[in-house]
Enquirer: 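Got a structure for you, written out below as structure tokens; questions coming shortly.
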Amino acid sequence: MSLQALTEPEDYVAIESPTFYGALQAIERFKLKAIAIATDPQHGIDLDALHQALNDYPIKACWLMTNFHNPLGCTLSWENKQRLVAMLEKYGVGLVEDDVYGELYSGLQRPLPAKALDNKGLILHCSSFSKNLMAWFRIGWVAAGHHAKSIQRLQLMGTLSASAPMQLAIAEYLATSSYDSHLRRLRKTLEQRKNAAIQSLQQHLPYDVTIFPSRGGYFLWLELPPGLSSTALYWQALEKGISIAPGKMFTTGDKYDRHFRLNVSYEWDERCEQSVKTLASLIQQQIKARHSVKI
Ligand SMILES: Cc1ncc(COP(=O)(O)O)c(C=O)c1O
């Protein structure tokens with residue numbers, strides 16, 4: 001709805017590459033044109049490339065994940081958030097800031113969203129309780145400023161309203177102090193699970209598989225060595241009851257076939273350890289097959 005509030009069909013929208021498949025689906029559904037901007041697993045979106053795109057195309061809106069990007073896990077530094085907001089202001093372009101993982105930080109402080117720098121009402125700051133309270137509540141929110149009315153209208157025309165009892169239940173819960181302590185516990189648990197996953201992956205995966213750690217959220221982005229395919233790995237792993245998200249899910253083109261995303265929010269147990277060993281042996285098989293093709 002935020003994207004709809006900022007655009008008309010056929011408008012250009014800047015997105016990260018790779019990006020959350022929900023953003024790609026929304027762009028397709030609303031008949032928008034995506035301009036994909038290279039995004040680095042460590043530093044986030046390439047702001048020079050975004051600047052160039054804003055110069056070259058009449059971009060109406062951006063949809064970016066400034067904190068704990070899905071699938072990369074990266075967070076834009078504060079300096080880069082300042083640069084981003086200055087750019088949005090210069091070109092008068094709105095931003096759908098998708099911050100659904102922002103509360104799930106590993107350090108001491110929540111990374112502030114770019115919205116904190118927004119003096120011109122260009123940023124629609126979106127989040128959800130799906131990631132930090134209950135997935136099936138399917139209740140989200142947006143701090144939309146002067147766009148709030150048009151979003152309310154879009155909601156009315158679409159689903160009328162999100163479930164009122166669920167909203168009331170969440171409002172009541174938020175009025176207690178338990179939410180903060182719940183979040184503190186959740187952050188600690190997720191960090192422990194992620195560390196256990198990284199330790200296991202480092203121990204078992206071939207040395208030339210790169211793991212990009214993140215400081216929040218619960219995804220890890222991995223890069224296979226040249227010549228290997230995460231799509232093939234996806235199918236092979238699925239046969240063994242293991243689910244990975246192949247890189248191609250996060251783009252409309254053919255990129256990222258050497259990459260995949262792992263969800264490491266699960267309690268790390270013997271089954272997870274075994275799954276990592278299985279993944280490692282499937283990757284080894286692809287490496288062997290690649291060598292035999294060369295011969
Ligand atoms: C980056 C990102 N944005 C938005 C959503 C959608 O959130 P919800 O589950 O509340 O619909 C997700 C869910 O996977 C997500 O990963």
Side-chain angles (χ1 to χ4, degrees), residues 1-6 13-30 32 34 36-37 39-41 44-45 61-76 81 84 94-105 110-111 113-115 123-144 151 154-155 158-159 161-164 166-167 169-171 173-174 179 182-183 186 190 194 212 214-221 243-252 256 259-266:
M1 285 189 287
S2 297
L3 192 60
Q4 259 186 305
L6 293 177
V13 176
I15 54 168
E16 290 141 323
S17 173
T19 191
F20 168 51
Y21 39 80
L24 297 173
Q25 287 161 353
I27 283 171
E28 191 178 322
R29 186 148 45 101
F30 302 135
L32 299 165
I37 310 292
T39 302
D40 178 83
I45 188 164
C62 306
W63 174 330
L64 307 177
M65 288 162 272
T66 51
N67 296 323
F68 315 131
H69 182 278
N70 176 8
L72 298 176
C74 57
T75 292
L76 212 55
K81 282 174 184 153
L84 169 68
L95 168 66
V96 177
E97 186 171 27
D98 182 350
D99 195 22
V100 296
Y101 300 100
E103 289 291 353
L104 305 181
Y105 53 90
R110 187 201 199 287
K115 178 71 183 172
I123 302 182
L124 289 85
H125 183 217
C126 304
S127 192
S128 160
F129 293 100
S130 301
K131 313 300 169 195
N132 41 20
L133 202 52
M134 201 69 88
W136 49 264
F137 271 25
R138 309 223 66 82
I139 303 284
W141 52 262
V142 52
I151 290 183
L154 285 165
Q155 171 126 56
T159 56
S161 150
S163 156
M166 289 298 184
Q167 290 187 70
I170 288 187
Y173 177 69
L174 293 181
Y179 187 47
H182 161 74
L183 284 177
L186 180 62
L190 288 176
K194 192 191 310 172
F212 293 97
S214 65
R215 277 177 283 125
Y218 45 75
F219 295 128
L220 292 177
W221 185 244
S243 175
I244 64 168
K248 280 187 176 178
M249 274 177 74
F250 305 99
T251 175
T252 49
Y256 312 115
H259 299 82
F260 62 100
R261 187 198 71 184
L262 280 185
N263 180 333
V264 290
S265 64
Y266 301 101

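Every number for a ligand or one of its atoms is a count from 1 in the order of the listing.
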Enquirer: Give a yes or no answer on whether the side chain of Glu97 reaches the backbone of Pro113 with a donor-acceptor pair at less than 3.5 Å.
Expert: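 Between the backbone of Pro113 and the side chain of Glu97 there is no qualifying donor-acceptor contact (under 3.5 Å).
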
Enquirer: side-chain hydrogen bond (donor to acceptor under 3.5 Å, both in side chains) for Ser214 and Lys194? Distances and angles first, verdict last.
Expert: CA-CA 9 Å; Ser214 65; Lys194 192 191 310 172; 3.1 Å; yes

Enquirer: Could you list the residues that satisfy salt bridge (charged side-chain N to carboxylate O under 4.0 Å, His left out) with Lys131, not counting sequence neighbours?
Expert: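 Per chain and number, Lys131 pairs via salt bridge (charged side-chain N to carboxylate O under 4.0 Å, His left out) with no residue.
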
Enquirer: Return yes if some donor-acceptor pair links the side-chain N/O of Gln4 with the main-chain N/O of Phe30 below 3.5 Å, else return no.
Expert: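 Not confirmed, Gln4 side chain does not pair with Phe30 backbone.
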
Enquirer: Taking a 3.5 Å cut-off between nitrogen or oxygen atoms, can you list every pair linking ligand 1 to the protein, with distances?
Expert:
from: ligand 1; atom 1: 3 (N); to: Asp98; atom 2: OD1; distance (Å): 3.1
from: ligand 1; atom 1: 3 (N); to: Asp98; atom 2: OD2; distance (Å): 2.6
from: ligand 1; atom 1: 9 (O); to: Ser130; atom 2: OG; distance (Å): 3.2
from: ligand 1; atom 1: 9 (O); to: Arg138; atom 2: NH2; distance (Å): 2.9
from: ligand 1; atom 1: 10 (O); to: Ser128; atom 2: OG; distance (Å): 2.5
from: ligand 1; atom 1: 10 (O); to: Ser130; atom 2: OG; distance (Å): 2.6
from: ligand 1; atom 1: 11 (O); to: Arg138; atom 2: NH2; distance (Å): 2.8
from: ligand 1; atom 1: 14 (O); to: Lys131; atom 2: NZ; distance (Å): 2.8
from: ligand 1; atom 1: 16 (O); to: Asn70; atom 2: ND2; distance (Å): 2.8
from: ligand 1; atom 1: 16 (O); to: Tyr101; atom 2: OH; distance (Å): 2.6

Enquirer: By salt bridge (charged side-chain N to carboxylate O under 4.0 Å, His left out), which residues pair with Arg138, not counting sequence neighbours?
Expert: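 Expected list: none.
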
Enquirer: What residues, two or more places apart in sequence or in another chain, satisfy ring-ring contact (aromatic ring centres under 6.0 Å, His included) together with Phe260?
Expert: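 By the ring-ring contact (aromatic ring centres under 6.0 Å, His included) rule, Phe260 matches no residue at all.
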
